[in-house]
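Here is the structure we will look at, set down as structure tokens.
Just so it is clear, the structure is predicted and the values come from calculations on it, not from any experiment.
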Amino acid sequence: MADFMDMPEPEGEEEQQQEQQQQQQEEFVQVESPVLPEPERDDDALAKFNLEWNIQLAAKKEAEDALNAKSEEEAKVDIENFNAQREIRLNAKKEVNRSEEQVYLEQQESELEGNTWDRVTKLVDSSVEEGESDKSDVSRMRKLFIQLKNEPLESTRSAPVESN
């Protein structure tokens with residue numbers, strides 16, 4: 001048997017076997033794919049549904065687009081109103097700042113013309129409050145500021161210093 005298997009086959013037989021195999025495969029393919037009848041479809045109902053569905057979608061899209069356009073217009077109007085109000089507030093604030101600056105500059109100029117001690121006494125609270133025993137005694141400093149306000153240093157330097 002081993003000799004039978006080792007022997008080469010004649011060339012003509014090999015070609016015949018290949019042809020037979022091809023024929024068998026072709027027959028198998030023909031048997032495997034029988035012609036089936038086309039399934040019956042209700043194309044009219046499906047087409048009708050698709051048409052109605054597309055019409056509904058188009059109507060919804062138009063409504064959405066109209067709503068978006070309306071919202072955009074409202075937003076533009078709101079932005080214009082906001083900018084107008086903002087401009088009014090800015091201009092009013094600028095006017096107030098200019099007037100406050102003018103008052104401040106006039107006040108600064110008037111203080112420069114007056115006595116230096118007048119400015120100091122404006123900064124110091126000269127009212128005497130009773131019952132402030134917890135705080136340090138500032139009555140002497142208060143008296144000194146009032147004295148310097150009434151009699152500036154130039155006039156007090158020329159006079160002899162009084163001792164307490």
Side-chain angles (χ1 to χ4, degrees), residues 22 25-26 28-164:
Q22 286 177 354
Q25 286 177 354
E26 288 174 4
F28 181 74
V29 169
Q30 289 175 357
V31 173
E32 284 257 338
S33 58
V35 177
L36 296 176
E38 289 291 323
E40 293 182 21
R41 283 197 258 169
D42 194 6
D43 287 335
D44 293 334
L46 183 62
K48 183 179 177 184
F49 172 78
N50 283 337
L51 180 64
E52 289 175 2
W53 182 252
N54 287 333
I55 290 171
Q56 287 177 352
L57 287 178
K60 286 182 180 180
K61 177 87 170 135
E62 288 176 13
E64 182 183 357
D65 290 343
L67 184 63
N68 284 342
K70 181 182 174 187
S71 297
E72 285 179 9
E73 288 300 319
E74 289 176 359
K76 286 179 184 178
V77 169
D78 289 344
I79 288 173
E80 289 173 3
N81 289 339
F82 172 78
N83 286 335
Q85 290 175 357
R86 180 175 173 258
E87 197 65 34
I88 291 169
R89 283 192 311 263
L90 282 175
N91 289 335
K93 186 66 174 174
K94 286 179 185 178
E95 264 318 299
V96 168
N97 285 346
R98 285 186 192 117
S99 64
E100 288 178 356
E101 182 183 18
Q102 187 65 29
V103 168
Y104 176 75
L105 290 176
E106 289 173 1
Q107 183 182 11
Q108 289 291 75
E109 288 177 11
S110 68
E111 288 177 357
L112 288 177
E113 294 172 1
N115 187 356
T116 319
W117 292 106
D118 287 336
R119 289 182 285 175
V120 172
T121 54
K122 286 180 185 176
L123 297 174
V124 175
D125 183 20
S126 61
S127 63
V128 178
E129 296 179 13
E130 299 298 326
E132 291 188 12
S133 61
D134 296 343
K135 296 184 178 179
S136 61
D137 186 22
V138 291
S139 61
R140 178 164 161 56
M141 181 182 69
R142 189 176 298 117
K143 287 179 186 177
L144 181 62
F145 283 148
I146 292 172
Q147 178 186 359
L148 288 172
K149 175 184 169 189
N150 295 334
E151 300 173 15
L153 259 179
E154 292 81 27
S155 63
T156 56
R157 285 190 183 178
S158 61
V161 177
E162 297 177 15
S163 61
N164 288 344

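- Among residues two or more places apart in sequence or in another chain, the salt bridge (charged side-chain N to carboxylate O under 4.0 Å, His left out) test is passed with Asp65 by Lys61.
- The shortest side-chain heavy-atom distance between Arg86 and Arg89 falls under the 4.5 Å cut-off.
- A heavy-atom distance below 4.5 Å is found between the side chains of Glu74 and Lys70.
- Atom-to-atom distance recorded for Asn150:CG and Phe145:CZ is 13.5 Å, nearest 0.5 angstrom.
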task: Evaluate the side-chain contact (heavy atoms from CB on, under 4.5 Å) criterion for residues Glu52 and Lys48: first the C-alpha distance (whole Å), next the side-chain angles of each, then the deciding distance (0.1 Å), finally the verdict.
output: CA-CA 6 Å; Glu52 289 175 2; Lys48 183 179 177 184; 3.4 Å; yes

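- Taken from CD in Glu72 to CG in Leu67, the straight-line distance is 10.5 Å, to the nearest 0.5 Å.
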message: Checking Glu100 against Tyr104 for the side-chain hydrogen bond (donor to acceptor under 3.5 Å, both in side chains) test, could you report, in this order, the C-alpha distance in whole Å, the side-chain angles of both residues, the deciding distance, and whether it holds?
response: CA-CA 6 Å; Glu100 288 178 356; Tyr104 176 75; over 6 Å; no

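- Here the CG atom belonging to Asn83 is positioned 11.0 Å from the CG atom belonging to Asp78, to the nearest 0.5 angstrom.
- Between Glu95 and Arg98 there is a salt bridge, since at least one side-chain N of the basic residue sits less than 4.0 Å from a carboxylate O of the acidic one.
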